Participant: 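My questions all concern the structure below.
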Amino acid sequence: MIAVTAALIGFFAFVIMRVTTPQMTTLFTDLSVEDSSSIIKDLERQGIQFEIRNEGSIIMVPKDKVTRLRMKLAEGGMPKGGGVGYEVFDKSDALGTTSFVQNINHLRALEGELARTIRAIDRIQAARVHLVLPERPLFAREAPEPSASIVVRVRGSLEAQQIRAIRHLVASAVNGLKPQRVSIVDEAGQLLADGAQTDPEQALGDERRTAFEKRLRKQVEDIVSSVVGSGRARVQLSADFDFNKVTQTSDKFDPEGRVLRSSQTREESSMTADNNGQVTVNNELPGNQQNNGVAAKDQSKKTEETNNYEISRTTKTEVTEAGRVNRISVAVLVDGIYTKNDKGELAYTDRTKEQLDRIATLVRSAIGFDQKRGDQVEVVNLRFADAPSTAPIGEPGGFLGMLQFTKDDLMYFVELGVMMLLGLVVLFMVIRPLVKRILASDEVAAAISGVLSGPAASEEAAPAGQPLLPGGAASAIDVATIQGQVHAQSVHRVGELAERNPNETVAIIRQWLTEPTK
């Protein structure tokens, strides 16, 4: 009884604590040590109950106060995000601050804001940014380029696209910073991106090739698995890419397509006469030249014609971007056919050549096969080391499909079972014995009272001269004839109660004996 009472008290104390304890909910998550310390001090000053989880990165508060607390903390500028941002200029005195301090504060604010933005990306728990913004030296034609280094703490691993996104994000936020000048390191010291000049192009080429191979491999696996079965095909695909950028210019002339642009004609005519070689003053004077009927000795005529034509010309410039596919090679390994024999065992059968040819045709169509490019497709049938199970497990349907419970459902049922078990224990081990004891005490008292008052009534009802037999002798008499069946049952029940509870019976009799007689 002591153990049961202690268990009962503990059970009700647990229930009362669960009922009276306020329901806690999350105030902030992914907090830094500085932000968590500041928030805890503010909550202690306000006297608000809170819980700390995950080494201080999560703070829990009562559910009915979470909204008011978030608004009040936001009014005080908390959480700050684990770094100093542009709020560093809110309380600064601009009149007494030098330009050097202003530049340092601007650099700190820029690094803090970038760190906060990077932490907003999925899988990144914390980030720290260092910027190098050199000033242009005097009498220098070229200014040194800025650079940046980033240290991140991640959950799992970052994809190539996420790394490239971080580099471009930081480069776009800093004036003059190029993505290839940004280095990224994880918490384990592994270099995720270095500052090499050729790194972005090479990384982009590898990413394009990997994405292309992954996409084609998935297409081939889907179409082959639908024929041979899920998990009964293995596909390996390799693509040869050419990342050289080619620019080609060609000129083409059409001799048939000519057009007259300009035409020029020139005619010359000359005639020479014979004067016998006489040169006189009279012959040289104007008007004194007389034709003496002498015929010309020499006469010439010259004609020149120049035609300029325009010939049609075609200029073609071709620019081939990087990332051309030179060749695709595909290797497909398929399993055979499994059938059950008379004994119920699985029997292996090779696939026919016709089936393999059909599968190869499907693969060629899926990858865009080009014979001139040198593509190659090989489909081979070999037996896999692991045979399929004889009784594959499918998705249960109907009533069995409704019995698929989640983890939350199972925990809910376990909690209900524990509460029901505790309730039954309290009912059968505490309440039932107490109720039974109380009822038994009342029945014993009533029965003994009836027995002690019974002899007087029996003497009145009994015939004269008939003795009353006490104890066991009275049970031998037919009580039903004298007092009735009800009185016999009462006497029998009183005897059983007296045997079971002798101490209570004696106490009642002693109490009656000590009472004064009237």
Side-chain angles (χ1 to χ4, degrees), residues 30 32 80-89 98-212 241-247 319-324:
D30 296 332
S32 62
K80 298 180 180 179
V84 179
Y86 285 115
E87 65 272 5
V88 70
F89 297 102
T98 62
S99 60
F100 176 77
V101 176
Q102 289 285 357
N103 293 334
I104 293 297
N105 289 337
H106 179 265
L107 183 62
R108 292 176 58 195
L110 185 57
E111 291 177 350
E113 294 295 335
L114 287 176
R116 293 176 183 176
T117 305
I118 293 174
R119 281 197 302 271
I121 300 176
D122 189 20
R123 298 184 184 178
I124 295 181
Q125 293 181 339
R128 188 176 180 88
V129 180
H130 299 278
L131 297 177
V132 178
L133 305 178
E135 297 181 359
R136 182 173 181 176
L138 296 177
F139 309 106
R141 294 183 178 179
E142 296 181 358
E145 296 182 357
S147 61
S149 59
I150 304 173
V151 180
V152 295
R153 185 170 70 247
V154 298
R155 294 186 296 266
S157 60
L158 292 178
E159 299 180 357
Q161 296 180 354
Q162 292 177 321
I163 296 174
R164 192 157 52 90
I166 293 174
R167 301 183 72 178
H168 283 272
L169 172 67
V170 176
S172 301
V174 180
N175 185 21
L177 181 60
K178 298 180 180 179
Q180 56 267 26
R181 298 281 295 173
V182 179
S183 300
I184 303 177
V185 183
D186 62 2
E187 72 278 9
Q190 182 181 0
L191 184 63
L192 303 180
D194 56 10
Q197 296 290 336
T198 58
D199 179 69
E201 298 295 334
Q202 185 67 24
L204 182 60
D206 295 340
E207 182 180 346
R208 291 181 58 184
R209 183 177 64 253
T210 302
F212 179 79
F241 271 70
D242 184 9
F243 295 102
N244 296 325
K245 185 176 180 180
V246 179
T247 303
V319 179
T320 305
E321 296 292 339
R324 299 187 307 276

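Basis for what follows: all heavy atoms, side chains included, without hydrogens, waters or symmetry-related copies. Everything numeric in this text was worked out from a predicted model, so none of it was measured.
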Participant: For Gln162 and Asp122, which heavy atoms make the closest approach, and how far apart are they?
Facilitator: NE2-O, 3.9 Å
Participant: Rounded to the nearest 0.5 Å, what separation is found between the CD atom of Glu111 and the NE2 atom of His106?
Facilitator: 11.0 Å
Participant: How close do Ala171 and Pro179 get, heavy atom to heavy atom, and via which atoms?
Facilitator: CB-N, 3.7 Å
Participant: Of all heavy-atom pairs between Glu145 and Pro134, which one has the smallest distance, and what is that distance?
Facilitator: O-CG, 3.9 Å
Participant: Could you check if a side-chain atom of Val151 sits within less than 4.5 angstrom of a side-chain atom of Glu187, using non-hydrogen atoms only?
Facilitator: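 No, too far: nothing below the 4.5 Å cut-off.
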Participant: Rounded to the nearest 0.5 Å, what separation is found between the CD1 atom of Ile124 and the CD1 atom of Ile150?
Facilitator: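 Answer for the CD1-CD1 pair, Ile124 versus Ile150, is 8.5 Å.
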Participant: Kindly compute the distance separating CD1 (Ile118) from CG (Leu114), expressed to the nearest 0.5 Å.
Facilitator: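 Output value for this atom pair is 6.0 Å.
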Participant: What is the minimum heavy-atom distance between Arg181 and Arg167, and which atoms define it?
Facilitator: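 Heavy atoms only, the tightest pair is N-NH2, 4.3 Å.
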Participant: Can you measure from CZ (Arg155) to CZ (Arg153) and round to the nearest 0.5 angstrom?
Facilitator: 9.5 Å
Participant: Could you tell me the separation between the CG atom of Leu192 and the CG atom of Asp186, rounded to the nearest 0.5 Å?
Facilitator: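 Answer rounded to 0.5 Å: 4.5 Å.
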Participant: Is it true that Glu113 and Arg116 make a salt bridge, defined as a side-chain N closer than 4.0 Å to a carboxylate O?
Facilitator: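 Here Glu113 pairs with Arg116 in a salt bridge, since their nearest N and O are under 4.0 Å apart.
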Participant: For Pro146 and Leu133, work out which heavy atoms get closest and say how close.
Facilitator: CB-CD2, 3.7 Å
Participant: How far does CG of Leu131 sit from OG of Ser149, to the nearest 0.5 angstrom?
Facilitator: 8.0 Å
Participant: Might you point out which heavy atoms bring Leu177 and Ala148 nearest each other, and give the distance in Å?
Facilitator: CD2-CB, 4.0 Å
